[in-house]
Amino acid sequence: MNYSESVQINPDQLRRLNKLVASGENLHVEFKRKATHPEKIVRELIAFANTDGGSLMIGVDDDGSIPGVKYPEEEWLSVRTALSKHCRPSLHVQPVTIRMSEKKYVVVLEVEKSSRRPHRLKVDLQRYETYVRVADKSVKASREMREIIRLAKKERNIHFSYGDAEKLLMHHLATHSTITLQDFKKIAHLSSFHASRKLITLVLANVLAITPTDKGDLYRRQL
């Protein structure tokens, strides 16, 4: 008997699953119909681990329907193999198999916010990418976002000087909701390196908040 065949229908599990699915994809929830492209699933798991944790459900469509999968062990094996091949450092993922009917299962992959972050996706022999979760999407992290993730793990007091560049930055944010690294460079007449370091420090000091996007990071004053 396969493991999945020994799994019994659990009404409490089904209620929790249906409740999560009904809420839709969000910061902590992602749906996948099948593990057809396991490297994409690894990307989502990395994003959860680098952000605030989450649950990826295999057997759930984007529209919230639950067609399930017939062979949950094969789905998990595909993901586990891809994790071993593509994720650095290694990431602990806890699979939970939920039985919907005689031949219908959902595999829930639980990921906690990782103490080993940032985790990276190995794209090829020389290229790695880091992802973070923003709303219901996984976004590739910039160099600044990767550094913020790395340094934010260390509890320490952040000190910074409030000089001319910082004054220009705050003046800009008094009339604009956000600013990019490139815009900050221009208004403060800074090199990419110095502008980057200042923005990273201000985020770590909770003066600014950073929102990664597909077109670059947006910085705003911390609420």
Side-chain angles (χ1 to χ4, degrees), residues 3-4 25-62 69 71-97 105-155 180-182 192-193 196-197 199-200 203-204 210-219:
Y3 163 73
S4 59
E25 292 181 314
N26 54 52
L27 183 66
H28 300 105
V29 175
E30 174 75 19
F31 302 151
K32 292 294 180 186
R33 172 66 184 87
K34 296 191 74 176
T36 308
H37 301 287
E39 68 281 356
K40 293 183 178 180
I41 291 181
V42 172
R43 181 183 65 192
E44 308 291 353
L45 297 175
I46 284 173
F48 281 139
N50 285 337
T51 310
D52 199 35
S55 301
L56 187 145
M57 304 175 187
I58 302 173
V60 181
D61 259 331
D62 288 341
V69 294
Y71 303 108
E73 295 98 335
E74 293 182 9
E75 304 289 331
W76 167 234
L77 177 60
S78 179
V79 174
R80 187 176 64 188
T81 301
L83 269 170
S84 177
K85 181 178 180 181
H86 294 288
C87 183
R88 301 291 185 276
S90 60
L91 178 62
H92 176 72
V93 177
Q94 182 63 47
V96 177
T97 301
Y105 302 85
V106 169
V107 181
V108 182
L109 305 181
E110 301 282 355
V111 181
E112 295 184 353
K113 185 176 183 178
S114 175
S115 61
R116 304 178 72 193
R117 63 190 187 279
H119 293 269
R120 301 171 297 157
L121 179 72
K122 184 178 181 181
V123 179
D124 54 40
L125 288 176
Q126 296 182 324
R127 187 160 61 99
Y128 291 82
E129 294 174 347
T130 301
Y131 289 86
V132 292
R133 191 77 176 172
V134 180
D136 61 349
K137 295 181 179 179
S138 296
V139 177
K140 187 161 72 171
S142 65
R143 179 181 61 182
E144 288 73 30
M145 190 69 236
R146 295 195 302 270
E147 188 71 357
I148 289 166
I149 294 171
R150 185 181 70 83
L151 294 174
K153 294 186 298 181
K154 305 175 182 178
E155 293 185 8
T180 64
L181 170 63
Q182 295 302 318
S192 293
F193 174 80
S196 172
R197 298 312 301 176
L199 290 173
I200 289 170
V203 171
L204 293 171
I210 181 173
T211 301
T213 76
D214 292 329
K215 297 181 179 180
D217 299 328
L218 298 176
Y219 297 87

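Everything numeric here is computed off the predicted structure, so don't read it as measured data. The analysis underlying the following values was restricted to heavy atoms, covering all of them including side chains, and did not include hydrogens, waters or symmetry mates.
Heavy-atom minimum distance, Leu27 versus Phe48: O-CE2, 3.2 Å. When all heavy atoms of Ile41 and Lys32 are compared, the closest pair comes out as CG1-CG, 4.0 Å. Listed here is the closest heavy atom pair of His119 and Ser114: NE2-OG, 2.7 Å. The heavy-atom pair separating Pro212 from Val134 by the smallest distance is O-CG2, 3.7 Å. Counting all heavy atoms, side chain and backbone alike, Val132 lies closest to Ala141 at CG1-CB, 4.3 Å. Here the closest non-hydrogen pair linking Ser115 and Lys153 is O-CD, 3.4 Å.
Side-chain atoms of Val107 and Val79, non-hydrogen and from C-beta on, never get closer than 4.5 Å to each other. Looking at heavy atoms from C-beta onward, Pro38 lies out of side-chain contact with Arg80 at the 4.5 angstrom threshold. Contact of the Leu109 side chain with the Ile58 side chain is registered, since non-hydrogen atoms from C-beta on lie closer than 4.5 Å. Using a 4.5 Å heavy-atom cutoff, the side chains of Thr130 and Met145 are not in contact. The shortest distance between side-chain heavy atoms of Asp217 and Glu144 falls below 4.5 Å. Looking at Arg146 and Tyr128, their side chains never come closer than 4.5 Å, going by heavy atoms from C-beta outward.
The pair Arg197-Glu147 meets the salt-bridge criterion, with a side-chain N (NZ, NE, NH1 or NH2) lying under 4.0 Å from an Asp/Glu carboxylate O.
Crowding of Glu112 atom CD: a count of heavy atoms from other residues, nucleotides or ligands under 6.0 Å not exceeding 12. For NZ of Lys122, the number of neighbouring non-hydrogen atoms (other residues, nucleotides, ligands) closer than 6.0 Å is greater than 12.
Taking CD1 of Ile210 as the start and OG of Ser142 as the end, the distance is 5.0 Å to the nearest 0.5 Å. Atom CZ of residue Arg127 and atom CG of residue Leu121 lie 9.0 Å apart, to the nearest 0.5 angstrom. Here CG of Leu218 is found 5.0 Å from OG1 of Thr213. Values are rounded to the nearest 0.5 Å. From Asn26, atom CG reaches atom NZ of Lys137 across 14.0 Å, with rounding to the nearest 0.5 Å. Taken to the nearest 0.5 Å, the CD1 atom of Ile46 stands 11.5 Å off from the CD atom of Glu39. How far CG of Leu91 is from NE2 of His86: 14.0 Å, rounded to the nearest 0.5 Å.
Counting only distance, with no hydrogens or angles, the side chain of Glu25 and the backbone of Phe31 share a donor-acceptor pair below 3.5 Å. In this structure a side-chain-to-backbone donor-acceptor pair under 3.5 Å is missing from Arg117 to Ala49. Looking only at distances, no side-chain donor or acceptor of Ser78 sits under 3.5 Å from a matching main-chain atom of Glu74.
Take Arg33 and apply the salt bridge (Lys or Arg N to Asp or Glu O under 4.0 Å) test, not counting sequence neighbours, and it matches no residue.
Here the rule is side-chain contact (heavy atoms from CB on, under 4.5 Å) with Val93, and of Leu56, Val111, Val42 only Val111 fits it.
Here side chain to side chain donor-acceptor pair (under 3.5 Å) pairs that include residues 42-59, with residues two or more places apart or in two chains, are His28-Asp52, Glu44-Arg133, Glu44-Ser138, Ser55-Glu110.
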